[in-house]
There are 2 protein chains.
Amino acid sequence: MATIKQVAKHANVSVATVSRVMNKSGYVSEEAKEAVEQAIAELNYAPNRVARSLYKKSSNLIGLIMPDITNPFFPQLARAIEDVANQHGYQVVLCNTDEQLEKEQTYLVALQTMHVDGLIITTNHSHNPNYETLDLPMVALDRIVKAGIDAVVSDGYEGGKLAADTLLKRGATRLAHIAGPDHLKTVKRRTEGFVEVAGDKLVGMTESTFTFKDALKASQQLFDHAWPFDGIFAANDVIAAAVLQEAVRRHIRVPEELQVIGYDGIELGEMTSPPLTTIVQPIYEMGRVATERLLDLIEKKDTRPKEMLLPVTLLERQTTKREER
Amino acid sequence: MATIKQVAKHANVSVATVSRVMNKSGYVSEEAKEAVEQAIAELNYAPNRVARSLYKKSSNLIGLIMPDITNPFFPQLARAIEDVANQHGYQVVLCNTDEQLEKEQTYLVALQTMHVDGLIITTNHSHNPNYETLDLPMVALDRIVKAGIDAVVSDGYEGGKLAADTLLKRGATRLAHIAGPDHLKTVKRRTEGFVEVAGDKLVGMTESTFTFKDALKASQQLFDHAWPFDGIFAANDVIAAAVLQEAVRRHIRVPEELQVIGYDGIELGEMTSPPLTTIVQPIYEMGRVATERLLDLIEKKDTRPKEMLLPVTLLERQTTKREER
DNA sequence: TCTTGATATGTAACCGGTTACACATTAAGA
DNA sequence: TCTTAATGTGTAACCGGTTACATATCAAGA
């Protein structure tokens, strides 16, 4: 790789002039500019970002901290973040923390010492001391870390209500629910919204993590103890897929005997049999908004922290009945 | 963040001494060592990786180039890579190229100018001129870029044979197949293996991309034109899920009337109804091996290029019949 | 003609590490 | 006692950019 010195020599100017034409800063004569541009082209020169970072104290890198990219909700988020970052000349560093504070801490110092310009956090520890001392632009995604940190979340409460409402409208009279992990505020809201609208129609409820195995166990337990119910809302699509599988195993017909609604809108819902009706979070959009916000923060366009609440929608596939009109 | 100078002053030594104790290089007295260590602790010092990179021309960063993290095969790979990299003090930069040469090229210069130490490539252009001129350690994963570049792949040929063999053993007599995209060599091998063993039992075959929508179309077409068949092998699990969904829609009983085998062993296969029998690639293992190999390359432990072929296994779930004994 | 501000360009300091080199000091061996 | 090698430490150059500052030229306005 050529250096700026070589370019300068090649174009018969000083390094300062080369730097000026690259950054379009200061005064440069047309003549010099052309010479430099030609030299750059001829030497196939691209400036060393490490050197630039050192002086500028900015790396055009953003850190993406998530529990586990393997969880099917996150890839879309990561994709959106990467897309937007890339469009603005940033790269993203991927960090899987498994929600372990220690891993998180390790990543945080690594990220800091490499001078990332900002952080997107998809993690849960609202009390996490790691972030408090951190003087870095950051935005929380799908999680609420603490007041004072920007957050982008979708409207889980409305989503929960929408799920209950839909089930009721489609003629369900005995509702069940599988909630997500208790420590996730954004997930809890779904349950709250659902319970609120379900009222005394709610006949069974349990809780599960977001792994399929756990979800399957929870489903079995629910079917064993709370059956019969004719409408069920799962806190996410993975859990809904487990419910579906368990229903098939028990020869319960979906949606005739049991209507099922999931939450998230991940691709998985399209692939189940029958395809899953679900409350769609605008996942890609959330990633996009969060990244754009972070970029604004980095460029100091706006520093008042705020929470962005994105709307959810119902996607009717085939685990709910057609609405009668 | 403290700098090495501050640490040096605090410990009453020179920066060289501080550097020496941090890197355990050269001679340092016990006394000086303790003073420095205490200063580091008190100032909460961590060396600036950017500065270190500039001098060392090595960033402890590795670039991960993949088509689309949203494709359910890749997150596990990414996870493995990230895990191993992290264990060795490296971070990974995520790049989604959508298989577009232009994006790839952009990433490549970005990655080079930030002095990544190596590349893991999960992409397809065997003729890709971008990589030829690149003087960087790299390993191709699940893809064969060209001779001379290390590659880690699973044994698709054996996998295809295993699928046909299994179907035949379980009593299928009329076989069908949906192949993957033609330009993926590693995927083509699955088809070759399958066709070889299926022989004249093969009654229908078509091709599909790895998106669910396309797979659904391909399935429908196959059912329309080649039915009846009683065993089908799909080039990956997403396609198999589509076949399954279409079979359910047509009230074809699986596995009684039709046995289905997928390929990959992604989590999705666990979530379909019924759960999918599939040929499992050791995905995480592949990511691990590739990354360890890359790290060896970076540290110049071994430079002879080689291709690593990992074995696949059959995972029997419920879309195939139990073997009669 | 003289002053002044806009234009143009180069030199060198700086960012925060690493390390070559010079220079002590000390201990072991002759 | 004199060499010599091992040990210990500091100074400064270096990595490849950016930019403050000094300097020079030139045209416009007084």
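Proteins come first, then strands; the chains are lettered A, B, ... in the order of their sequence lines, and each starts at number 1. Just so it is clear, the structure is predicted and the values come from calculations on it, not from any experiment.
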Salt-bridged, B:D83 to B:R288, with N to O below 4.0 Å? no
Could you tell me whether B:K103 and B:D98 make a salt bridge, using a distance below 4.0 angstrom between a side-chain N and a carboxylate O? yes
So [X], base contact, sugar-phosphate only, or nothing? Heavy-atom distance under 4.0 Å.
X: B:A2; value: sugar-phosphate
X: A:R49; value: nothing
X: A:S29; value: sugar-phosphate
X: B:M1; value: nothing
X: A:T3; value: sugar-phosphate
X: B:V50; value: nothing

Nearest heavy atom decides the nucleotide; on that basis, is B:K57 or B:E31 closer to the 5' end of DNA chain D? B:E31
B:L54 or A:A16, whichever maps to the more 5' nucleotide of DNA chain D: B:L54
Does A:S53 have a side-chain nitrogen or oxygen under 4.0 Å from the phosphate oxygens OP1 or OP2 of C:dC15? no
Just to confirm, is there a sub-4.0 Å distance from OP1 or OP2 of D:dT18 to any side-chain nitrogen or oxygen of A:N23? yes
Which heavy-atom pair separates B:M22 from B:R52 by the least distance, and what is that distance? CE-NH2, 4.3 Å
Quick one: do the A:D142 and A:T122 side chains pair a donor with an acceptor below 3.5 Å? no
A:E42 versus A:Q38, side-chain donor and acceptor atoms under 3.5 Å: yes
Which nucleotide in the set [options] lies at the smallest distance from any side-chain heavy atom of [X]?
X: B:V15; options: C:dG17, C:dG10, D:dT11; answer: D:dT11
X: A:Y27; options: C:dA6, D:dG17, C:dT19; answer: C:dA6
X: B:S14; options: D:dT9, D:dG10, C:dT19; answer: D:dG10

Could you give the NZ-to-P distance, from B:K24 to D:dT7, as a whole number of Å? 18 Å
